[in-house]
Amino acid sequence: MNGRGNAMLHTDVPYYTQLHHVLSDLLRDIAQVFPRHSVFFATHDGVTNTIQQVDDQVGLAIPEGYTEPFQQSLCRLAAAATAKVVAIPDLTAHADTRSHPFTLQCGTGSFLGAAVTHPDGSTMGSLCLISDEPYSFTDREEKWVGSLARMVSGVIRMEQGQVRDGLTHQYHANVLPPMFQEMAARDAGILLFVISINDFQWINQQNGCEQGDQLLRTFAQVLQEEFSAKAVPSRIEPDTFVVMLPCAEDEHPEHRARTLASRFLHHIHSTPFRMKDRDQYVQINMGISYYPKEDTHFEQCLETARKRMKRAKQLPAGEHMVDSDEALLVSEREFRLRNDLNHDGLYQQLCLQYQPQVHLADRSMQGVEALVRWNHPSYGWLAPNIWIPIAEAYGHIHAIGKWVIRQGCIDMLAYGAQHEPIDLAVNISPLQLREADFAEQVLAIVAEVAFPADRLVLEITETLLLEDHAHVMNNLQTLRSRGIRIAIDDFGVGYASFHLLHKFPIDILKIDRQLSRPLTSPANKKIVSALLELAYSLGMHCIVEGIETAEQHAFYQQYDNYWGQGYYYHRPVSPDELPAL
Ligand code: C2E
Ligand code: MG
Ligand code: MG
């Protein structure tokens, strides 16, 4: 394992107080024994060598904090030596050091390096002597420095447990204040997040401590991945983490805080942790504060964020607080909805409305889109945009999504028994498509209620095209091979582009109403026309969404192969009202 450095130690050394004291004494003692040498301790991570602490008694200008590529450093010779001590009496006589910049500058010199190693054999750094004069080290001298290097290794390992948490390898609370100060001196501002896992004790009891530990390790990894590389995460209590992130005032700290918090919350609430025999969903609370606008000391910042986290904890799990009380009001309703989505009675309160999709040439009804509605006992009829995101965040969307498909098929079979059968389009959440067996679930429902698969269209969002998710692609291909068609909903306002359409098995583009509506300028008309023609040349069917006026209809009528949908033709209606249309 020679040469493989310990990246953790490399960056952590400034927070090792014991090591610092021990090294001061050791370097001075060594310097006394070798009056013609300067003495230093360096660490490396395999890439960079960093001089951490120096007793430069002969004035060789070796600055603390100096970094150089590890492969070009003299220290690498100690790391590479099997005996872990390398002594070079004359730098000009040794092939590896002859043309080193130090040798060239001094004309000669001597070097002794003793590797500081881990019990597993990897090297963390080296204890070194260097002089601009040749010097023959005795056997005893070499052995002595070698034993001091082993002592340094012992001190490091002892202290490592106080700097890093052995379980998650994140920083302990005691090193946060000096890190905060350092960050504050270097960066203009700091966002401080306090994140706590709800009911961790209970999770531990349910799954056993070993599984609980594994969950914490994975949680820490996700934390590191979801926040930026500049973020410093730490575990300050068994179930509580702090993340410090440099963020200047002109980087819009509040916006950044909200974005990061929402993204992380969404990830944690929607992705279960794999336990031995089941998936464990985890709820978290988060509080955020900002230095220096709100608080000017680490302790204050931590306290403010902690208070906010606790306030969020009393309300719904999963809220994060940046500031204002407005968030509290929203979260109260969210809390109610989240609990009520979990009730057995939910499906008696849900129903589907159907919005017709018509042929643009003659306005004949060709299909319908199913739109789910919730008649909430306290809030009344709720539009999907209010509660679908909550259902997604708390894992209810899978059951609700299946209910929508089944109910839609049943309603359309009833309609088809009396009338010409029409297409049924159903909206699908990205979370559903990421499930490995989503396609099988859909096919099972369709088979069970005997709905013709070639009458079913699944509407997916444009952003799914940007994902490189194996399950998504497999599901789409399986569904399509069985005759179910795929439509891209709200196309043209997101991020996806035409080359992605080609990669995915897509049948229908639904042009978003933001694009289809503003027909005010000739340029706008040209854009929509170009989009429709391009789709046509790619062999895709189009549905223009959000047609609200006679002018819009008149314009789109020329695209007589395509369909339209919008309030101009029909608003969404209950299944009983469909036959009258
Ligand atoms: P969407 O799939 O793009 O559905 C179209 C939305 O636009 C519907 O709103 C519809 O009522 C509305 N709309 C239709 N024509 C017009 C028009 O001419 N002008 C205007 N201003 N609006 C029009 P709704 O029902 O509130 O649904 C909103 C979104 O909720 C849907 O957007 C869809 O993304 C989601 N959604 C609805 N039902 C479901 C469901 O069963 N599952 C999932 N996952 N999402 C659903
Ligand atoms: Mg839709
Ligand atoms: Mg749409």
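Order of listing sets the numbers, starting from 1, for every ligand and every atom in it. Residue numbers count from 1 along this sequence.
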>> Within the 4.0 Å heavy-atom shell around Val404, which atoms of ligand 1 are there?
In response: 41 (O)
> Going by heavy atoms, is Gln353 under 4.0 Å from ligand 1?
Replying inline: no
>> Quick check on contacts: which atoms of ligand 1 are under 4.0 angstrom from a heavy atom of Glu459?
In response: 2 (O)
>> Once salt bridge (Lys or Arg N to Asp or Glu O under 4.0 Å) is applied, what residue pairs with a partner in residues 554-581 remain, sequence neighbours excluded?
In response: none
>> Is it the case that the side chain of His419 and the backbone of Tyr415 share a donor-acceptor pair, with hydrogens and angles ignored and the cut-off at 3.5 Å?
In response: yes
>> Would Pro572 count as a contact residue for ligand 1, given that I'm defining contact as a non-hydrogen atom of the residue lying under 4.0 Å from a ligand atom?
In response: yes
> In the protein, which heavy atom is nearest to atom 5 (C) of ligand 1, and how far is it?
Replying inline: Glu545 OE2, 4.1 Å
> How far apart are the C-alpha atoms of Met365 and Leu578, what are their side-chain angles, what is the distance that settles it, and do they pass the side-chain contact (heavy atoms from CB on, under 4.5 Å) test?
Replying inline: CA-CA 10 Å; Met365 182 160 70; Leu578 266 186; 4.2 Å; yes
> What protein heavy atom is closest to atom 31 (C) of ligand 1, reported as residue, atom name and distance in Å?
Replying inline: Leu371 CD2, 4.4 Å
> Under 3.5 Å, is there a donor-acceptor pair between the Thr168 and Asp165 side chains?
Replying inline: yes
>> Using the rule given for side-chain contact (heavy atoms from CB on, under 4.5 Å), can you reason through Tyr171 versus Ile236, listing the C-alpha separation, both sets of side-chain angles and the distance that settles it, and then say yes or no?
In response: CA-CA 8 Å; Tyr171 288 111; Ile236 59 166; over 6 Å; no
>> Does only the side chain of Lys510 get under 4.0 Å from ligand 1, or the backbone, or both, or neither? Count heavy atoms.
In response: neither
> Among protein heavy atoms, which sits nearest to atom 29 (C) of ligand 1, and what does the distance come to when rounded to 0.1 Å?
Replying inline: Asn385 OD1, 3.3 Å
>> Hydrogens and angles aside, do Gln565 and Gln357 bring a side-chain donor and acceptor to less than 3.5 Å of each other?
In response: yes
> Is it the case that Asp423 and Gln366 place a side-chain donor and acceptor less than 3.5 Å from each other?
Replying inline: no
> Can an N or O of Gln432 be found at a distance shorter than 3.5 Å from an N or O of ligand 1?
Replying inline: no
>> Counting only nitrogen or oxygen atoms and a 3.5 angstrom limit, does Tyr567 reach ligand 1?
In response: yes
> Can you list the ligand 1 atoms lying under 4.0 Å from a non-hydrogen atom of Gly566?
Replying inline: 15 (N), 18 (O)
> If you count the atoms of ligand 1 from 1 in the order shown, which ones are under 4.0 Å from a heavy atom of Glu548?
Replying inline: 17 (C), 18 (O), 19 (N), 20 (C), 21 (N)
> When you check the space around the Mg ion (ligand 2), which protein N, O or S atoms turn up under 2.8 Å?
Replying inline: Glu369 OE2, Asn427 OD1, Glu459 OE1, Asp489 OD2
> Is the closest side-chain donor-acceptor distance between Thr218 and Gln221 under 3.5 Å?
Replying inline: no
> For atom 6 (C) of ligand 1, what is the nearest protein heavy atom, given as residue, atom name and distance?
Replying inline: Arg513 NH1, 4.1 Å
> Do we see a donor-acceptor contact under 3.5 Å between the side chains of Tyr354 and Asp411?
Replying inline: yes
> When you look for heavy atoms under 4.0 Å from ligand 1, do you find them on the side chain of Asn427, its backbone, both, or neither?
Replying inline: both
> How close does the nearest protein non-hydrogen atom get to atom 1 (P) of ligand 1, and which residue and atom is it?
Replying inline: Asp489 OD2, 3.5 Å
> N/O to N/O below 3.5 Å, does that happen between Arg373 and ligand 1?
Replying inline: yes
Would you be so kind as to tabulate the donor-acceptor pairs closer than 3.5 Å made by side chains of residues 534-541, with sequence neighbours excluded?
unit_1 : atom_1 : unit_2 : atom_2 : d
Ser537 : OG     : Leu534 : O      : 2.7

> Has Glu369 got any heavy atom lying under 4.0 angstrom from an atom of ligand 1?
Replying inline: yes
>> Using a 3.5 Å cut-off on N or O atoms only, is Gln565 in polar contact with ligand 1?
In response: no
> Distance only, no hydrogens: is a donor on one side chain within 3.5 Å (strictly under) of an acceptor on the other, for Glu392 and Ser429?
Replying inline: yes
> Among protein heavy atoms, which lies nearest atom 24 (P) of ligand 1, and at what distance?
Replying inline: Pro384 CG, 3.9 Å
> Less than 4.0 Å between a side-chain N and a carboxylate O, is that true for Arg306 and Glu237?
Replying inline: yes
>> As an exercise, identify every atom of ligand 1 less than 4.0 angstrom from a heavy atom of Gly546.
In response: 17 (C), 18 (O)
>> By the ring pair (Phe, Tyr, Trp, His ring centres under 6.0 Å) test, which pairs, at least two apart or in different chains, include something from residues 200-249?
In response: Phe193-Phe227, Phe219-Phe241, Phe219-Phe264, Phe227-Phe264
> Identify the closest protein heavy atom to atom 15 (N) of ligand 1: which residue and atom is it, and at what distance?
Replying inline: Gln355 NE2, 3.0 Å
>> Less than 6.0 angstrom separating the ring centers of Tyr569 and His553, yes or no?
In response: yes
>> Could you walk me through whether His169 and Arg217 satisfy the side-chain contact (heavy atoms from CB on, under 4.5 Å) test, starting with their C-alpha distance in whole Å, then the side-chain angles of each, then the deciding distance to 0.1 Å, before giving a yes or no?
In response: CA-CA 8 Å; His169 297 302; Arg217 271 192 289 265; over 6 Å; no
> Considering only protein heavy atoms, which is closest to atom 39 (C) of ligand 1, and at what distance to one decimal place?
Replying inline: Val372 CG1, 3.6 Å
> Looking only at side chains, do Thr304 and Tyr290 share a donor and an acceptor under 3.5 Å apart?
Replying inline: no
>> Using a 4.0 Å heavy-atom cut-off, which part of Asp490 comes near ligand 1: side chain, backbone, both, or neither?
In response: side chain
> For ligand 1, which part of Arg571 has a heavy atom less than 4.0 Å away: the side chain, the backbone, both, or neither?
Replying inline: neither
> Just by distance, with hydrogens left out, do Gln353 and Arg373 show a side-chain donor and acceptor under 3.5 Å apart?
Replying inline: yes
>> Let's go through Val232 and Met183 carefully: what are the C-alpha distance in whole Å and the side-chain angles of both, what is the deciding distance for side-chain contact (heavy atoms from CB on, under 4.5 Å) to 0.1 Å, and is it a yes or a no?
In response: CA-CA 10 Å; Val232 178; Met183 219 184 244; 3.5 Å; yes
